[in-house]
Amino acid sequence: MTEPATDPATTQTKGTPPMLIVLILFSVTLAAIAQLALKHGMNLVNDELAPQTFSLNGPSLRVVVGQPFVWGGLFLFGLSALVWLVVLSRASLSFAYPFAALTYVLILLFDQFVLDEHVPGLRWAGVAFIGVGIILVSQTQHS
């Protein structure tokens, strides 16, 4: 006996499972922390190389290889990529990928509130548009 054919459109669940959003946000947060760790590590590399700055040569690469924050950032990027693979196995790329823009939002918030750097109003406006876009995307089916 064969099973009745089902229309894929009718078997999709409505809305987005909360766990999928959690996985996306976890991956994006790891990627943002990785960026911050890499930036901090490269600042330390430049401090060690001063008065020179990093370039693709032996002495610079030796300093980078010895910098724990760079290794930590790369590790977090790898972990973020693994979580992202789980996300991609459960959602379409056109649904999931716009959430990657949240990395920019997190970095901007970190700059403003942790590093106490001035963030121009136009940049905040851009982040507001990113936020609206992500909200719109999140309201669609994730198939």
Side-chain angles (χ1 to χ4, degrees), residues 1-50 52-57 60-143:
M1 181 170 203
T2 61
E3 300 214 8
T6 58
D7 180 8
T10 60
T11 59
Q12 289 180 356
T13 58
K14 298 277 187 200
T16 303
M19 188 53 148
L20 180 61
I21 298 296
V22 168
L23 286 170
I24 291 171
L25 294 177
F26 184 56
S27 177
V28 166
T29 301
L30 285 173
I33 294 169
Q35 285 286 359
L36 294 167
L38 288 172
K39 176 60 178 157
H40 181 66
M42 292 309 293
N43 286 345
L44 295 173
V45 165
N46 280 335
D47 289 347
E48 191 170 332
L49 292 171
Q52 305 297 320
T53 57
F54 177 77
S55 61
L56 293 176
N57 60 34
S60 288
L61 292 175
R62 277 191 287 281
V63 174
V64 167
V65 167
Q67 179 45 249
F69 278 98
V70 170
W71 285 107
L74 292 173
F75 172 79
L76 290 173
F77 261 131
L79 189 56
S80 171
L82 290 174
V83 174
W84 192 249
L85 291 175
V86 174
V87 168
L88 293 179
S89 74
R90 298 177 184 188
S92 67
L93 189 58
S94 66
F95 174 81
Y97 195 71
F99 286 90
L102 282 174
T103 304
Y104 183 77
V105 175
L106 294 173
I107 297 295
L108 186 112
L109 291 169
F110 187 87
D111 276 354
Q112 176 73 45
F113 298 110
V114 176
L115 298 179
D116 201 30
E117 293 182 8
H118 173 71
V119 177
L122 195 54
R123 215 173 286 167
W124 284 112
V127 164
F129 280 112
I130 290 170
V132 169
I134 291 169
I135 289 168
L136 291 174
V137 168
S138 72
Q139 300 304 308
T140 64
Q141 289 184 349
H142 68 84
S143 61

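- Shown here for V87 and A96, the closest heavy-atom pair between the two residues is CG1-CB, 3.7 Å.
- No side-chain donor-acceptor contact under 3.5 Å links S60 to the backbone of F54.
- Counting heavy atoms from C-beta on, the side chains of V64 and M42 come closer than 4.5 Å.
- Remark: L122 CG is loosely packed, at most 12 non-hydrogen atoms of other residues, nucleotides or ligands lying under 6.0 Å away.
- Two residues are said to be in side-chain contact when any heavy atoms from C-beta on lie closer than 4.5 Å; F95 and I24 meet this criterion.
- Interatomic distance, L76 CG to I33 CD1, rounded to the nearest 0.5 Å: 6.5 Å.
- Expressed to the nearest 0.5 Å, how far NE2 of H118 lies from CG of D111 amounts to 11.5 Å.
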When the side chains of residues 67-75 are checked against the rest of the protein, which donor-acceptor pairs come out under 3.5 Å, sequence neighbours left out?
| from | atom 1 | to | atom 2 | distance (Å) |
| --- | --- | --- | --- | --- |
| Q67 | OE1 | F69 | N | 3.0 |
| W71 | NE1 | V65 | O | 2.5 |

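- One finds the CG atom of L44 at 11.0 Å from the CG atom of L49 (value rounded to the nearest 0.5 Å).
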Tell me which donor-acceptor pairs under 3.5 Å the side chains of residues 99-110 have, and how far apart each pair is, sequence neighbours excluded?
| from | atom 1 | to | atom 2 | distance (Å) |
| --- | --- | --- | --- | --- |
| T103 | OG1 | A100 | O | 3.1 |

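- A donor-acceptor pair is defined here as one N or O able to donate and one able to accept, closer than 3.5 Å; such a pair exists between the side chain of T29 and the backbone of L25.
- More than 12 heavy atoms of other residues, nucleotides or ligands lie within 6.0 Å of CZ in F77, so this atom counts as buried by the packing criterion.
- Here S80 contributes atom OG and L85 contributes atom CG; the two are 9.5 Å apart, rounded to the nearest 0.5 Å.
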